[in-house]
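As structure tokens, the structure follows; a few thoughts come after it.
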Amino acid sequence: MKILAIESSCDETAAAVVEDGRRTLSSVIYSQVAEHQKYGGVVPEIASRRHTEQIVQVVQAALDQAGCTLSEVDKIAVTAAPGLIGALLVGVNYAKGLSMASGKPLIPVHHIRGHIAANYLAHPDLEPPFLCLVASGGHSHIVEVRDYTDFRIIGRTRDDAAGEAFDKAARAMGFPYPGGVYIDRAAPLGDDSKYRLPRPRVEGSEYDFSFSGLKTAVINLLHNASQKGETVDRNALAACFQRAACEVLVDHLERAAQAYGYTTIVAAGGVSANSGLRGRLGEMCARHGYALYLPPLELCGDNAAMIGAQAYYEQLVYSPAGLDLNASASKGIDTVF
């Protein structure tokens, strides 16, 4: 089965053709990073406009790359939640138009489910059940993946997501947007014990995350140094921040795996590209003899191939969506469209 998938939840306009949920026939991404960089973050209105301008070309490029026409795909999938509502609406409405014009069934996909499914494209042997750490710019979850369409969140962020904290801390340090990659590059050059940073916990919710305090600690350290006329070792601060954030993520995941009896561990989302996190996950899984699955770097960020992968399993369980399908900025991973 060939599925044409569309992703437009944030600032990447993406389309892909995926076969049987496991094989990527094409993947095309138009990134807006360079444009949003001058603002220090994504501007929702600009993102929506660029999606509108690019989606036709991106979808056609994905079909061309896969060597097929719209009539030769079996179904159409689209990210319907969560994300920037204006950006989501561009993809959802375009997918509805394609579905109506072609007569192909329409499959709505949850963005976080898609991130998890990116691993199915890279690891043919991976099957549920497993425990997944989803860490991205908008999400930080520990998810029980009990089956391909059966999810339960056992830990989530209470404030900033991990990727958001990386970007905000990076901006305070003077790195360009998106800052996470610059912290990752600077961290190996610095002493990760030079500055003392907190490892926040959520009282009464041992698997939930809170990164706001860690981000604020970095900002306060920089402000205090500036007021005193002191110089901050940026590489060392990047190293200390990355170490603290990754230790929290892996510590919570490790305790959840032990409590819930999981021996297969998966990571997903943009922050799963971070070398420090990947290293600590590898060390933790090696200690316990767990199987670890990490997405390749090109599948960590937003892309449409992951949406096509998850769509294959969604359509095995749920009926196609109608033309009344609407986008949602905040629908939970465990709900059905």
Side chains of [X] and [Y]: donor-acceptor distance under 3.5 Å anywhere?
| X | Y | value |
| --- | --- | --- |
| N303 | E298 | no |
| H288 | E254 | yes |
| E127 | Y120 | no |
| S71 | T69 | yes |
| S8 | H51 | no |
| H111 | D302 | yes |
| R158 | S205 | yes |

Interatomic distance, [X] atom [atom1] to [Y] atom [atom2] [nearest 0.5 angstrom]:
| X | Y | atom1 | atom2 | value |
| --- | --- | --- | --- | --- |
| E35 | Q37 | CD | CD | 11.5 Å |
| F211 | E164 | CZ | CD | 11.0 Å |
| L106 | L323 | CG | CG | 7.5 Å |
| Q315 | T149 | CD | OG1 | 11.0 Å |

Heavy-atom distance under 4.5 Å between the side chains of [X] and [Y], does that happen here?
| X | Y | value |
| --- | --- | --- |
| D251 | R201 | yes |
| Y312 | L316 | yes |
| D208 | T157 | no |
| R113 | F151 | yes |
| V59 | Y94 | yes |
| V17 | L63 | yes |

Check ion pair [X]-[Y] (N to O, under 4.0 angstrom):
| X | Y | value |
| --- | --- | --- |
| E45 | R49 | yes |
| K2 | D74 | no |
| D334 | R152 | no |

Within a 6.0 Å radius of atom [atom1] on [X], are there more than 12 heavy atoms belonging to other residues, nucleotides or ligands?
| X | atom1 | answer |
| --- | --- | --- |
| R196 | CZ | no |
| R22 | CZ | yes |
| E230 | CD | yes |

Worksheet item: Tell me, which pairs form a ring pair (Phe, Tyr, Trp, His ring centres under 6.0 Å) where one or both residues lie in residues 174-195, sequence neighbours left out?
Response: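 Listed by first then second residue: nothing to list.
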Fill in: Output field: ring centroids H123/Y293 closer than 6.0 Å
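When the ring centroids of H123 and Y293 are compared, they turn out to be within the sub-6.0 Å range.
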Discussion item. Are F241 and F166 an aromatic pair, judged by ring center distance below 6.0 Å?
Written reply: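 Yes, the ring centres sit under 6.0 Å apart.
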